[in-house]
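To start, the structure itself, in structure tokens.
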Amino acid sequence: LTWHEYNFSFLPAVCFVWQIAMIILFGVFIRYNEESSPFWIEHRKANNISSDIENDFYFRYPSFQDVHVMIFVGFGFLMTFLKRYSFGGVGFNFLIAAFGLQWALLMQGWFHSLDYSDGKIKIGVENLINADFCVAGCLIAYGAVLGKVSPVQLMVLTLFGITLFAVEEYIILNLIHARDAGGSMVIHTFGGYYGLSISWMLYRPNLSQSNRLQGSVYHSDVFAMIGTLFLWMFWPSFNSAITDHGDGQHRAAINTYLALASTVLTTVAISSLFQKHGKLDMVHIQNSTLAGGVAVGTAAEFMLMPYGSLIVGFCCGIISTLGYIYITPFMEKHLKIQDTCGIHNLHAMPGVIGGVVGAITAAAASEAVYGHEGLINTFDFEDAFKNMTPTRQGGHQAAGLCVAICFGVGGGIIVGCILRLPIWGDPADDNCFDDEPYWERHISMLFIPFPVAVFHNTPLLNRLPSFYHLYLQKHQLMNFPFCDILTQQAS
Amino acid sequence: LTWHEYNFSFLPAVCFVWQIAMIILFGVFIRYNEESSPFWIEHRKANNISSDIENDFYFRYPSFQDVHVMIFVGFGFLMTFLKRYSFGGVGFNFLIAAFGLQWALLMQGWFHSLDYSDGKIKIGVENLINADFCVAGCLIAYGAVLGKVSPVQLMVLTLFGITLFAVEEYIILNLIHARDAGGSMVIHTFGGYYGLSISWMLYRPNLSQSNRLQGSVYHSDVFAMIGTLFLWMFWPSFNSAITDHGDGQHRAAINTYLALASTVLTTVAISSLFQKHGKLDMVHIQNSTLAGGVAVGTAAEFMLMPYGSLIVGFCCGIISTLGYIYITPFMEKHLKIQDTCGIHNLHAMPGVIGGVVGAITAAAASEAVYGHEGLINTFDFEDAFKNMTPTRQGGHQAAGLCVAICFGVGGGIIVGCILRLPIWGDPADDNCFDDEPYWERHISMLFIPFPVAVFHNTPLLNRLPSFYHLYLQKHQLMNFPFCDILTQQAS
Amino acid sequence: LTWHEYNFSFLPAVCFVWQIAMIILFGVFIRYNEESSPFWIEHRKANNISSDIENDFYFRYPSFQDVHVMIFVGFGFLMTFLKRYSFGGVGFNFLIAAFGLQWALLMQGWFHSLDYSDGKIKIGVENLINADFCVAGCLIAYGAVLGKVSPVQLMVLTLFGITLFAVEEYIILNLIHARDAGGSMVIHTFGGYYGLSISWMLYRPNLSQSNRLQGSVYHSDVFAMIGTLFLWMFWPSFNSAITDHGDGQHRAAINTYLALASTVLTTVAISSLFQKHGKLDMVHIQNSTLAGGVAVGTAAEFMLMPYGSLIVGFCCGIISTLGYIYITPFMEKHLKIQDTCGIHNLHAMPGVIGGVVGAITAAAASEAVYGHEGLINTFDFEDAFKNMTPTRQGGHQAAGLCVAICFGVGGGIIVGCILRLPIWGDPADDNCFDDEPYWERHISMLFIPFPVAVFHNTPLLNRLPSFYHLYLQKHQLMNFPFCDILTQQAS
């Protein structure tokens with residue numbers, strides 16, 4: 001094995017070993033919960049549940065599937081915008097999400113779903129949703145380093161990311177008792193700063209912004225719109241997936257729907273306002289239109305009110321688009337943070353706004369607005385927290401936001417250090433944003449330049465400039481039988 | 001500001017001002033209804049509702065999400081078929097739908113969901129579905145003028161379209177008491193004629209059918225199939241989204257599923273029959289296969305019977321495909337109506353058929369077929385209409401259809417007049433069907449012709465025909481550093 | 001009519017006649033069941049059903065829509081990977097699925113939903129799901145012959161495929177009393193061997209593997225990923241769509257979710273391990289990642305346990321990917337089976353594994369694991385089968401698997417014979433994998449080679465090699481006005 005081959009053989013080893021570890025850990029720890037085991041019937045009768053339809057499955061499965069689409073198609077296709085990194089965008093997203101959700105089931109299970117009577121984690125549909133949420137944090141981080149890391153690095157990023165996420169989430173939701181239905185803090189703020197810190201640690205000084213591959217082509221932009229739209233449409237499901245049955249899910253969906261609609265208009269306005277000739281930029285439309293969904297995450301289940309949701313979306317569309325115009329270039333130039341997808345503008349900043357909005361909305365809560373029972377249910381003022389007041393809850397929300405930022409930045413720096421070790425087979429600067437190092441490239445018709453097809457095997461070829469020959473050699477096209485028809489006709 | 005710049009600065013202004021207006025109006029008028037507010041728990045207890053699962057959210061949210069996908073991915077991607085207008089197709093669809101649904105919540109709310117006790121509109125998931133429906137009418141109209149109007153014109157089209165829709169819907173559903181579950185009349189007939197009338201008012205005599213950009217390329221046709229399929233698959237949800245709980249939703253879904261299946265076969269048959277060598281035309285497959293869903297809209301919740309649905313679909317596949325072959329060219333040539341997407345064949349005509357089918361099915365209803373309670377529930381023969389008979393209901397349905405046509409044609413002519421004002425920055429004939437005037441175009445690899453990469457910076461360039469130079473100048477490629485590798489190798 | 005024209009006029013005739021036959025048969029046989037008819041209200045009261053939400057529609061409709069997406073977008077886009085057969089992949093998939101589901105409603109209805117009191121088939125949402133399942137078997141078979149058959153042949157393949165499926169399913173599920181929630185045996189094993197046998201009968205000795213069109217281009221691979229991801233994400237809905245209400249659906253979804261996640265990692269590992277330089281192959285990522293969903297189909301509703309699901313997925317990822325690397329070329333070379341999409345590796349082999357896993361899991365069932373009532377419910381040990389034991393059930397499962405293989409192979413050979421008749425207008429070897437014979441090709445910008453645009457209408461054209469002229473003539477480009485701008489500028 002050469003050093004090069006050694007690096008590449010890493011990926012199969014990591015996949016195999018980690019998957020086997022998952023199987024063993026699942027064997028030791030993971031079991032069905034009472035709603036997904038055959039004892040459901042007895043459980044139903046014992047608890048006077050009148051119908052199978054009250055199984056949590058029917059409350060949450062449609063939302064789960066929407067979230068699942070966001071994770072795999074939404075995030076995956078959003079990252080296909082690069083002209084020559086579409087395979088990597090959607091393919092590695094697929095790989096790390098599939099690994100991450102298994103590890104998340106374990107990590108989150110230990111913290112949240114451990115049955116102390118037998119030491120097993122009992123899972124149901126809510127655990128699947130939470131695992132997808134947990135994965136989302138790592139996929140956000142992937143956006144910052146898209147095109148600049150190897151798949152093994154992504155697996156490491158995910159392993160640590162999920163671990164940090166589970167700890168952070170436990171601290172924020174259980175110890176601090178902050179509420180965060182759509183994960184503005186837990187998912188987006190954490191994931192955003194985690195990715196940005198890693199990108200900072202992996203700074204590549206010679207990777208010019210004008211890299212010939214760091215851009216889109218017409219159809220890769222249309223592919224990315226598939227990702228954008230599925231994220232945009234299903235965000236109401238994301239924010240309402242694990243909120244309270246009944247009005248909680250209902251209200252979270254409405255608030256998110258409205259915030260997103262409002263964001264689209266201000267994104268278009270700012271994009272057009274700051275562009276030459278009032279033109280729109282696909283980068284903004286693909287990304288900033290989603291910022292409202294991020295920012296409304298924490299407060300979605302609160303009484304944010306419909307107009308409140310519109311205001312949050314309004315502001316986020318403006319801020320996020322300005323971020324793409326001013327902050328991303330600034331960060332690259334002065335802070336040495338290269339943020340391929342602009343996750344700072346789509347996740348980190350709107351996530352912080354979402355945390356602040358959540359804190360304010362919680363602090364402003366009152367029995368007049370929520371009703372007595374409604375207030376208790378919405379903020380979970382029960383058991384150890386039954387003496388909590390809304391004002392204090394607002395403080396706890398703010399504390400949660402700080403924890404998310406600290407975990408993101410701190411964790412990112414540590415994991416970034418690990419990823420700088422020269423053993424992970426990361427691509428050279430010249431190979432960044434290119435599928436070539438990691439994907440088998442079948443000779444592509446679109447990539448066989450037509451003159452090759454025409455002039456190939458003819459005397460005219462010899463009269464072409466010499467670097468044309470070099471081009472053919474470099475791409476191993478000299479003896480490629482792609483112009484069989486043409487030559488058959490000529491002979 | 002030059003006149004040109006003034007036109008483009010319109011878009012940000014319109015987006016900002018209208019969004020701020022939405023926020024103010026939402027602040028004054030829109031509140032959560034009892035199923036999405038924290039008082040749901042108390043409401044539940046007061047009304048003896050046994051479980052959270054009986055919240056309307058769980059009856060309608062899966063259908064809502066399907067409809068949402070139809071609006072944004074379905075309509076959006078269906079309009080990406082043009083070779084150079086994919087950004088505009090999916091992007092402007094996104095913009096006007098996001099604005100339209102906010103305005104629709106208000107307009108429909110005033111007519112249907114106003115709580116007279118406090119003057120507020122109370123919204124829940126059904127309002128979100130209705131807002132999406134309302135938006136659909138305007139997106140249909142967009143199909144007729146695709147590629148020929150500016151985004152500001154689209155915003156104006158949407159503002160008036162939603163307003164007209166809400167009034168028309170109130171007249172048809174409440175005053176006339178017609179039933180229209182899937183909106184054959186209210187949505188498709190209205191939207192179709194609204195768009196066609198506008199297109200007639202905006203007739204461009206010098207816009208040749210053979211415009212070099214008014215066509216598709218291979219992959220843009222595949223993108224459009226994404227739109228087609230999501231519309232086709234989720235149409236059962238569209239037609240059943242706001243029908244009665246229980247058998248109403250169930251039956252509407254079955255009828256729509258069957259009608260659509262039948263349409264596919266006759267579309268393929270007619271497309272193959274009328275094409276040279278029996279080939280299929282993508283335009284027909286992308287559009288006419290959906291006509292059955294439109295035509296079964298009104299009658300979907302009635303006892304149309306499975307074979308009835310198949311018959312409706314059968315006829316519509318034939319009529320719609322023939323429309324693309326004969327009527328669209330006829331309308332362009334003789335009626336001065338340029339209908340880019342052929343909405344006459346996909347929405348207007350099948351919508352009218354749907355209205356007629358609905359009237360006949362309603363008139364033929366009887367207690368023998370529906371049962372006593374079933375008849376009352378299905379046709380809502382209650383309160384002021386408790387003495388209604390099926391035969392008279394059939395007449396009311398027909399009256400509803402007339403109202404839809406009148407509002408469509410009349411509204412379209414008026415709005416068309418407004419859109420003819422020379423202030424909206426509409427594209428010149430040469431810029432029609434081109435993303436270039438409205439979207440920032442990053443230099444695209446697919447658009448950098450290979451010979452440029454090969455011959456660039458070489459003496460050979462000088463020996464190329466002079467218009468080749470002109471081409472390079474026109475596209476500002478003379479000094480573009482895209483062939484860095486090649487030239488590096490050559491030097 | 002020439003012979004050629006006669007062949008093509010077959011398609012319209014087949015579509016018309018078969019669709020009319022469907023209408024007649026639906027008229028005679030198909031009615032709404034008690035949950036989708038207006039008598040639901042009376043049925044509800046008579047059976048003490050407390051709420052509309054207990055209508056089967058609400059248990060199964062979200063899963064139905066997911067399955068529907070898998071059939072039309074999943075299977076359809078998975079088959080767009082060929083560089084010049086994307087229209088045929090997604091378009092013919094659309095056609096045969098739309099026909100197949102109607103015929104399946106009838107065939108399955110006669111076996112499973114016939115109401116003997118009036119001789120009618122009573123349909124509801126479960127029938128729609130089963131019809132989609134039935135269609136899936138034929139779409140799998142289509143994968144083996146993709147690009148090598150005419151649409152009429154596909155219609156014949158579907159007609160017989162659905163018929164065989166319904167008989168086979170009746171034998172396996174009702175007579176043998178095997179359980180097969182996700183259809184590992186009934187759908188995938190049958191469909192896989194059915195398609196492979198047909199492909200064997202239609203062997204084309206001169207169709208080289210290196211056919212210039214039998215491969216993908218960059219963006220066609222990205223399109224195929226849309227299919228892959230929608231299949232992957234919604235497979236939990238597929239396997240849980242018709243399982244028992246409550247824990248049955250819940251558990252099936254969890255097991256499938258886990259098996260699929262595990263498959264992704266081993267697919268990546270094997271793909272990278274066996275490729276030069278550790279690169280990944282898109283063919284494996286697009287297909288083998290789905291094998292776990294197939295293999296967990298039968299056992300998904302059993303107590304397979306979470307770790308059991310991971311193990312099944314683990315093994316299938318390995319076996320399926322190795323199948324693409326070794327078995328597919330072997331089958332083509334030595335067994336004369338040309339399997340375009342590799343359905344042997346994605347459906348046939350994992351289906352058999354799924355059958356075996358199901359038999360083992362069933363045989364190992366016990367009251368300790370399932371509970372008394374749980375065991376009876378899960379395996380349906382009622383009525384004629386109330387004395388069944390798990391061990392015997394395991395034997396019945398194995399018997400079911402054999403029936404599926406026999407029907408697949410036997411049926412495929414017979415239908416293959418029929419399809420060899422020289423009357424179906426199948427494409428010549430040269431036209432395989434090409435949309436050209438069946439789809440109207442609008443001149444495509446991507447396909448107009450740039451030099452044509454540059455040199456066209458200039459003296460230089462005359463100095464190009466003569467086969468260049470031939471190329472232009474062949475594609476009828478000699479007088480095409482695509483370089484209007486250029487020539488206008490030049491003149």
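Letters A, B, ... mirror the listed sequences (proteins, then strands); counts begin at 1.
Checked against the 6.0 Å centroid criterion, the rings of A:H68 and C:Y257 qualify as a close aromatic pair. Taking the six-membered ring for Trp, A:F223 and C:F223 have ring centres closer than 6.0 Å.
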>> If you apply the rule ring-ring contact (aromatic ring centres under 6.0 Å, His included), what do you find for C:F230 with A:F230, and how did you get there?
In response: CA-CA 12 Å; C:F230 275 103; A:F230 276 102; 5.5 Å; yes
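Interface check for chain A: of the options C:L375, C:L273, C:D244, C:T378, the most heavy-atom pairs under 4.5 Å are formed by C:L273.
Heavy atoms of C:Q249 lying under 4.5 Å from chain A belong to its backbone as well as its side chain. Using a 4.5 Å cut-off between heavy atoms, C:F59 contacts chain A through both its backbone and its side chain.
With salt bridges taken as basic N to acidic carboxylate O contacts below 4.0 Å, none links C:R251 and A:E35.
Listed for the A:E42 side chain is no donor-acceptor partner under 3.5 Å among the backbone atoms of C:G371. With C:Y307 contributing its side chain and A:L25 its backbone, the two residues share no donor-acceptor pair below 3.5 Å. Between the side chain of C:H250 and the backbone N or O of A:V125 there is at least one donor-acceptor pair closer than 3.5 Å.
For residues 69-76 of chain A, heavy-atom neighbours of chain C at less than 4.5 Å comprise A:V69, A:F72, A:V73, sorted by residue number.
Between C:H245 and A:Y58, the two ring planes are perpendicular [angle over 60°; tilted spans 30° to 60°].
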